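Note sheet for the following structure.
Each residue takes its place number in the sequence, starting with 1. What you see is a predicted model; the values in this text were computed from it and never measured. Ligands are counted one by one from 1 in listed order, and the atoms in each one are counted from 1 as well.
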Amino acid sequence: MCGIVGYIGKQEASPLLLEGLKRLEYRGYDSAGVAVLTEKELKLKKHKGRVTELAKHVSGNSLSGNLGICHTRWATHGAVTEENAHPHVSFDGKIAMVHNGVIENYLSIKKFLEGEGYSFYSETDSEVFCNLIAYHYAKEDSESETRFPDSVRRTLKHIEGTYGIAVICADHPTELVGARKGSPLIVGIGPDEYLLASDVSAIIRRTSNVVYLNDGEIVSLKNGELNLLTNDEEILTPEIKTIDWDIAESELGDYEHYMLKEIFEQSGALENAMRGRFSDDMSTAKFGGLNTTAQELRQIDRILLCACGTAWHACLVGEYLIERFARIPVEVEYASEFRYRNAPLDKNTLVLVISQSGETIDTLAALRESKRKGYKTLAINNSVGSTIARESDGGIYQHAGPEIGVASTKAFTSQLHILSMLALYLGRLRDMSFQDGLEYVAALKQAPELVTETVKLSDQILEISKKYKDMTDCLFLGRQDMFPIALEGALKLKEISYIHAEGYPAAEMKHGPIALISAECPVIVLATQPDIHEKLVSNIQEVKARGAPVIAIANRSNPLPKEIADDQILIPDCHRAVLPILASIPTQLLSYHIANLRGCDVDKPRNLAKSVTVE
Ligand code: F6R
């Protein structure tokens, strides 16, 4: 949901800003812009389209200077146009600002400013925000050393909504100001330079020392100094953290797309999720960051799993895993629904949120609401230092490495693996036997090897994809723990190939969706569970009888008869705790190959952004 970068130092700002911005494109990519400030002037370039397009227009020395801000946009207010692109510049030309977030009261502010003689060139809430800073700036004491940050601070008191901002002022060519509420912002500290950014990927090439801003904090970077204070003027001591990030992990290498690279990285991601997380006797898992005792966890009598999108599908699998292996009742909620629903929860309820980015605003809001009500909260999260990681009572880091492709793949299967480990851990605190624990651990440890085998199906799946790439609709069917995998398969296909796809519990199909079944609507069936195999075969017969082509994902040891499966993808046999992971890989590869064959931009699908930091 928009990426921002700011730079102040001794280097040319614009190449560094654009380099950082390219790494934030997963946050939005419909338009981009950069502003650079020198003693003499404020220079600006904006462009509709991707950062590479903008870079072509920032040639030579046209944007020379050591202080600048830039932005890649995911439109919220106003169409995708150059006028609506950031940075926005105030009516009087003094203030330039980039903004990630949504300002809820911008219409009333706009009306007020219009009454004061201000006029606007864009449809955005951000331009209004920028002008309110200019308004307050004009009113501040012109002799004051802190006139510029004071004007930002004063403005924030009137702003309702969310923001991560980087601001420059034409009168202050040696000062960069940032602030956050609800949208992420970090300060990177390099030798003789500071950077502001939406996340570490934008700055990691220059420094691994960062300060994470908290909501309600504002930072001024000037003359080699970092001044951090709250909106209420309380001066804070910045806490500098060192980021442990292997830069090579975020490079494309020999792969054509990040999504394919990340599908192939899943085996390693599972290894990382398990590292150091088994007990010495190997019959259970252990987690360092739960910040809760085994005794407290034994008292939990209900778990609420809460997330958005693909992470919500991981929650649905988690429900099966935890109920099956730990025998604790689980409920799953969309974070965006939970936060506005006054759901009655028992005091012994544990709220577990799942988020790859750790910045999804609805998941964060659900976490905050749960904490406000006094529930114990945990998070499964892939981004060290993210807001969700910092605000939950305890958590489990995924260590899956950076996920750059907008469609989540390795983060999803790594979440499933951690949920399996958690089910084991909770199960062993209750009824699961030592022997069952040993078998379970052995199965989890075998998972990376089985994933490596499963991704080798890519070439076969490419051939199948060629047959189905022109379909316009399709159904994914599965039962029990394969139902969320059906939902996830459908989501993956629709988001990157733009083919209409639905996921359904296989037996539920005859209560409505069966009306859609025809020769033009292929059905992808997850036929992997031995205990309900016969029931699923009946569901497939119902599909076949209505002429739909069937692509089956089944176990090697239990393939479907050729008469009912037009195409079949056979995955290795495995323990039930690992099955959802293996079954999801063919759906990822099918989506990837189909989207690629259709010429879609696999890593940056239209209208999407990886980190959804607006409601
Ligand atoms: C789909 C996808 C999204 C995310 C969702 C939550 O491929 O990636 O549905 O899963 O936006 O994101 P996180 O996990 O960062 O909270």
Side-chain angles (χ1 to χ4, degrees), residues 1-3 24 26-28 74 182-184 198-201 257-260 262-263 266 269 305-318 332-339 352-368 379-389 391-392 395-398 400-416 418-419 476 484-485 487-498 501 503 584-585 587-592 595 600-615:
M1 296 293 108
C2 303
L24 290 184
Y26 70 87
R27 301 179 67 86
W74 186 86
S183 302
S198 301
D199 83 36
V200 284
S201 60
H257 295 104
Y258 280 106
M259 183 177 175
L260 189 62
E262 287 156 9
I263 290 173
Q266 290 179 106
L305 298 177
C306 209
C308 302
T310 288
W312 183 76
H313 296 153
C315 291
L316 291 177
V317 176
V332 177
E333 288 260 15
Y334 281 117
S336 54
E337 292 295 317
F338 173 74
R339 60 180 294 197
L352 172 62
V353 300
I354 304 184
S355 174
Q356 187 284 130
S357 62
E359 300 294 348
T360 301
I361 193 82
D362 285 320
T363 311
L364 177 60
L367 171 73
R368 286 178 176 164
I380 295 177
N381 168 235
N382 194 34
S383 307
V384 175
S386 63
T387 312
I388 287 177
E391 293 198 12
S392 49
I396 307 172
Y397 277 125
Q398 297 183 228
E403 191 179 62
I404 314 268
V406 164
S408 185
T409 51
K410 67 172 178 176
F412 174 64
T413 48
S414 138
Q415 285 158 1
L416 299 188
I418 287 168
L419 285 162
F476 284 73
I485 303 305
L487 287 175
E488 174 59 8
L491 174 66
K492 218 86 302 175
L493 185 67
K494 69 184 138 196
E495 71 181 329
I496 62 167
S497 74
Y498 318 136
S584 66
I585 292 172
T587 69
Q588 296 170 344
L589 285 165
L590 199 64
S591 304
Y592 170 78
C600 300
D601 189 342
V602 174
D603 284 335
K604 296 192 184 81
R606 71 183 179 209
N607 302 339
L608 289 174
K610 188 154 184 71
S611 185
V612 183
T613 53
V614 294
E615 277 193 54

Test of understanding: with salt bridge (Lys or Arg N to Asp or Glu O under 4.0 Å), list the residues that count as partners of Lys604, not counting sequence neighbours. Glu25
Should the pair Tyr592 and His257 be assigned to parallel (<30°), tilted (30 to 60°) or perpendicular (>60°) ring geometry? perpendicular
Evaluate the criterion side chain to side chain contact (heavy atoms under 4.5 Å, CB included) for residue pair Leu590 and Leu493; output intermediate values, then yes/no. CA-CA 8 Å; Leu590 199 64; Leu493 185 67; 5.8 Å; no
When Phe412 is tested against each of His313, Gln356, Lys492, Glu262 for side chain to side chain contact (heavy atoms under 4.5 Å, CB included), which residue passes? His313
Among Ser355, Cys308, Gly309, Ser386, whose heavy atom sits nearest atom 6 (C) of ligand 1? Cys308
What protein heavy atom sits nearest atom 10 (O) of ligand 1, and how far off is it? Thr310 N, 3.1 Å
Ligand 1-proximal atoms of Glu359, by part, heavy-atom distance under 4.0 Å: neither
Just to check, does Lys492 reach to within less than 4.0 Å of ligand 1 when the distance is taken from its heavy atoms? yes
Does Glu403 have any salt bridge (Lys or Arg N to Asp or Glu O under 4.0 Å) partners at least two apart in sequence or in another chain, and if so, which? Lys610
For ligand 1, which atoms, with element, lie under 4.0 Å from some heavy atom of Ala311? 10 (O), 14 (O)
Could you tell me if Asn381 and Ser386 have a donor-acceptor pair between their side chains, going purely by distance under 3.5 Å? yes
If you scan protein heavy atoms around atom 15 (O) of ligand 1, the nearest is Ser357 OG, 2.7 Å
Under 4.0 Å, counting heavy atoms only: does Thr409 come that close to any atom of ligand 1? no
Any idea which protein heavy atom is nearest atom 14 (O) of ligand 1, and the distance to it? Gln356 N, 2.7 Å
For atom 16 (O) of ligand 1, grab the closest protein heavy atom and report residue, atom and distance to one decimal in Å. Thr360 OG1, 2.5 Å
Verdict with reasoning, Glu488 to Ser584, per side chain to side chain donor-acceptor pair (under 3.5 Å): CA-CA 8 Å; Glu488 174 59 8; Ser584 66; over 6 Å; no
Ignoring angles and geometry beyond distance, decide whether Glu495 reaches within less than 3.5 Å of ligand 1 through its nitrogen or oxygen atoms. yes
